[in-house]
Participant: 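Can you keep this structure in mind? I'll have questions shortly.
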Amino acid sequence: MLLQNELTELDTYFKDIENKSLSIVQVPENKYLCIRIDGFKATRNFLKDILVNEEFNNNLNSSYKKFFQSFKKYFGKDKQSSIICSFIVNDEVSIILNKNLDNDGNRVMKVSTLAPSSFSSYMTQSYKGKNIFFDGRPLILNEDDISKYIRYRYLVFKRYAYWKVLRLNNYP
């Protein structure tokens, strides 16, 4: 029950940040832009009725590697890394960008649309004949929020995993 309470608190906290982030045009100084990329109907189409879909996972990992290389090339090799942290959970990729870098003028929507469109392209190339779409949600984070955000996405993952195991084993 303690984890559920923590998850509920974190969910409220980060949904509020997400809503506020939608109206921010540029990343404020000393803040971090996190982009959560989410597969549009990907869970339903690729992950719903099996515990692990190796093909989907491999394609998502490969798409991330392609994205990382193109992102690094786009923002230049002479700069410090633009991406300080990223992780994949189910059909979601969270990418936290380094603060105070000129990521295309620090324009929130520019960067937040570039990432999911790239993922959509790379995943569609992996699955010839199938269009796979991703959307992106920006979150403007303080330094203290980063570890809380990682914990939050981990707890969401655990909850979905438990539900899936129970559902696939016909537990009510």
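Throughout, numbering of the chain's residues begins at 1 and tracks the sequence.
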Participant: What residues, two or more places apart in sequence or in another chain, satisfy side-chain contact (heavy atoms from CB on, under 4.5 Å) together with S112?
Facilitator: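 Applying side-chain contact (heavy atoms from CB on, under 4.5 Å) to S112 gives L33, I35, V108, P138.
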Participant: Listed by chain and number, what are the side-chain contact (heavy atoms from CB on, under 4.5 Å) partners of K41, not counting sequence neighbours?
Facilitator: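 Counting only residues at least two positions away or on another chain, K41 forms a side-chain contact (heavy atoms from CB on, under 4.5 Å) with R44, N45.
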Participant: Assigning hydrophobic clusters by single linkage (Ile, Leu, Val, Met, Phe, Trp, Tyr; side-chain heavy-atom cutoff under 4.5 Å), is M109 placed with F40?
Facilitator: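 No, separate clusters.
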Participant: Does E55 have any salt bridge (charged side-chain N to carboxylate O under 4.0 Å, His left out) partners at least two apart in sequence or in another chain, and if so, which?
Facilitator: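 Per chain and number, E55 pairs via salt bridge (charged side-chain N to carboxylate O under 4.0 Å, His left out) with no residue.
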Participant: What's in the same ILVMFWY side-chain cluster as L166, cut-off under 4.5 Å, chained through other members?
Facilitator: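 Besides L166, the cluster holds Y171.
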Participant: Looking at residues at least two apart in the chain, or sitting in another chain, which of them share a side-chain hydrogen bond (donor to acceptor under 3.5 Å, both in side chains) with E9?
Facilitator: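 Expected list: none.
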Participant: Can we call the ring centroids of Y152 and Y13 under 6.0 Å apart?
Facilitator: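 No, ring centres 6.0 Å or more apart.
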Participant: Once the angle between the rings of F119 and Y64 is folded into 0 to 90°, is it parallel (under 30°), tilted (30 to 60°) or perpendicular (over 60°)?
Facilitator: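 Tilted, since the angle between the ring planes falls between 30° and 60°.
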Participant: Got a sec, which hydrophobics cluster with V165, joining ILVMFWY side chains under 4.5 Å apart, including via others?
Facilitator: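 Cluster partners of V165: L51, V52, L168.
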Participant: Can a donor-acceptor pair be found, under 3.5 Å and without considering hydrogens, that links the side chain of K164 to the backbone of I50?
Facilitator: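 Yes, the answer is positive, given that a donor and an acceptor are paired below the 3.5 Å cut-off.
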Participant: Report yes or no: does S121 contribute a side-chain atom to a donor-acceptor pair with the main-chain N or O of S117 at less than 3.5 Å?
Facilitator: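 Between the backbone of S117 and the side chain of S121 there is no qualifying donor-acceptor contact (under 3.5 Å).
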Participant: Once rounded to the nearest 0.5 Å, what's the spacing between atom SG of C34 and atom CD1 of I146?
Facilitator: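 Here the rounded value is 8.5 Å.
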Participant: When you measure from the side chain of T12 to the backbone of T8, do you find a donor-acceptor pair of N or O atoms at a distance under 3.5 Å?
Facilitator: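 Judged by distance alone, yes, a pair lies under 3.5 Å.
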Participant: List for me each residue that meets ring-ring contact (aromatic ring centres under 6.0 Å, His included) alongside Y122, sequence neighbours excluded, and say none if there are none.
Facilitator: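 Result, ring-ring contact (aromatic ring centres under 6.0 Å, His included) vs Y122: none returned.
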Participant: What pairs with E143 under side-chain contact (heavy atoms from CB on, under 4.5 Å), at least two apart in sequence or on another chain?
Facilitator: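 Listed in chain order: Y32, K99.
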Participant: Determine whether F46 and N57 make a side-chain contact, defined as any pair of heavy atoms from C-beta on separated by less than 4.5 Å.
Facilitator: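 Result no, sub-4.5 Å side-chain heavy-atom pair not found.
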Participant: Counting distance only, does the side-chain N/O of R137 pair as donor-acceptor with the main-chain N or O of D38 below 3.5 Å?
Facilitator: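 Looks like no, no N/O pair under 3.5 Å.
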Participant: Is there a continuous path of hydrophobic side-chain contacts, each under 4.5 Å between heavy atoms, that joins I17 to L7?
Facilitator: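 Both belong to a single hydrophobic cluster.
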Participant: Test of understanding: with side-chain contact (heavy atoms from CB on, under 4.5 Å), list the residues that count as partners of K158, not counting sequence neighbours.
Facilitator: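 By the side-chain contact (heavy atoms from CB on, under 4.5 Å) rule, K158 matches L3, Y154, Y162.
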Participant: So how far is it from C85 SG to Y149 OH, rounded to the nearest 0.5 Å?
Facilitator: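 One gets 9.5 Å once the value is rounded to the nearest 0.5 Å.
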Participant: Under the ring-ring contact (aromatic ring centres under 6.0 Å, His included) rule, collect the residues that match up with F87, sequence neighbours excluded.
Facilitator: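 Residues passing ring-ring contact (aromatic ring centres under 6.0 Å, His included) with F87: none at all.
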Participant: Not counting sequence neighbours, which residues clear salt bridge (charged side-chain N to carboxylate O under 4.0 Å, His left out) with K20? List them please.
Facilitator: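 Only D16 meet the salt bridge (charged side-chain N to carboxylate O under 4.0 Å, His left out) criterion with K20.
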Participant: For R151, give me all partners under salt bridge (charged side-chain N to carboxylate O under 4.0 Å, His left out), at least two apart in sequence or on another chain.
Facilitator: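 Only E6 meet the salt bridge (charged side-chain N to carboxylate O under 4.0 Å, His left out) criterion with R151.
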Participant: Backbone N or O of I132 within a donor-acceptor pair of the T124 side chain at under 3.5 Å?
Facilitator: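 Between the backbone of I132 and the side chain of T124 there is a qualifying donor-acceptor contact (under 3.5 Å).
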Participant: Taking atom NZ of K66 and atom CD of Q125, what is their separation to the nearest 0.5 Å?
Facilitator: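 Rounded to the nearest 0.5 Å, the NZ-CD separation comes to 5.5 Å.
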Participant: State whether the side chain of S62 and the backbone N or O of N58 hold a donor-acceptor pair below 3.5 Å, judged by distance alone.
Facilitator: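 No; judged by distance alone, with no hydrogens or angles, the pair does not exist.
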